[in-house]
Amino acid sequence: MAIEYRWAEGDYDRLPALAADLVRHKVDVIAALGLPSALAAKSATSTIPIVFSVGDPVERGLVASLARPGGNLTGFSVINVELTPKRLELISELVPQVSEMAVRPEGANHQWRRVPPG
């Protein structure tokens with residue numbers, strides 16, 4: 001098995017060209033980690049299977065539904081907002097001196113949000 005790696009080096013504008021390059025190489029499957037990569041792969045091909053790992057693929061327009069994504073896309077959602085309060089609670093218990101935490105949202109928005117623990 002050969003694995004073709006492509007890395008945008010943080011430059012999301014490069015993703016469409018990198019996805020197109022994988023299509024030209026006629027790979028058997030594209031693994032797309034993160035929404036920008038998955039969207040670039042989806043735009044590049046409708047025939048090569050794409051396996052993604054993203055937050056909420058339905059909300060972001062990547063697939064029609066989680067149960068039946070349709071087309072050539074499948075994967076898993078890492079959406080788990082219901083666990084966030086518990087995670088913050090655990091961090092507060094493990095590191096009680098923490099008074100502020102940063103949460104980095106997925107996607108092109110690279111701004112950090114302040115979240116009070118507990």
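In this chain, residues are counted from 1 in sequence order. Any value given below was found using the heavy atoms of this structure, including those in side chains, with hydrogens, waters and symmetry copies removed.
By the 4.5 Å heavy-atom criterion applied to side chains, Val51 and Ile30 are not counted as neighbours. Residues His25 and Val27 meet the side-chain proximity criterion, which asks for heavy atoms closer than 4.5 Å.
Among all heavy-atom pairs drawn from Val63 and Pro69, the shortest one is CG1-CB, 3.6 Å. Of all non-hydrogen atoms in Leu15 and Ala8, the two that sit nearest each other are CD2-CB, 3.7 Å.
The stretch residues 15-39 participates, sequence neighbours left out, in these salt bridge (Lys or Arg N to Asp or Glu O under 4.0 Å) pairs: Arg6-Asp21, Asp21-Arg24.
Atom CD1 of Ile50 is separated from atom CG of Leu73 by 4.5 Å, given to the nearest 0.5 angstrom. Rounding to the nearest 0.5 Å gives a distance of 11.5 Å between CZ of Arg68 and OG1 of Thr74. Here the OH-CG distance, from Tyr5 to Leu22, works out to 12.5 Å after rounding to the nearest 0.5 Å. One finds the CD1 atom of Ile48 at 8.5 Å from the CG atom of Asn72 (value rounded to the nearest 0.5 Å).
Under the 4.5 Å side-chain contact rule for hydrophobic residues, Val54 and Leu66 share a cluster.
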Below 3.5 Å, can you tabulate the donor-acceptor pairs from side chains in residues 36-43 to any protein atom, sequence neighbours excluded?
| from | atom 1 | to | atom 2 | distance (Å) |
| --- | --- | --- | --- | --- |
| Lys42 | NZ | Gly61 | O | 3.2 |
| Lys42 | NZ | Leu62 | O | 2.9 |
| Ser43 | OG | Leu39 | O | 3.2 |

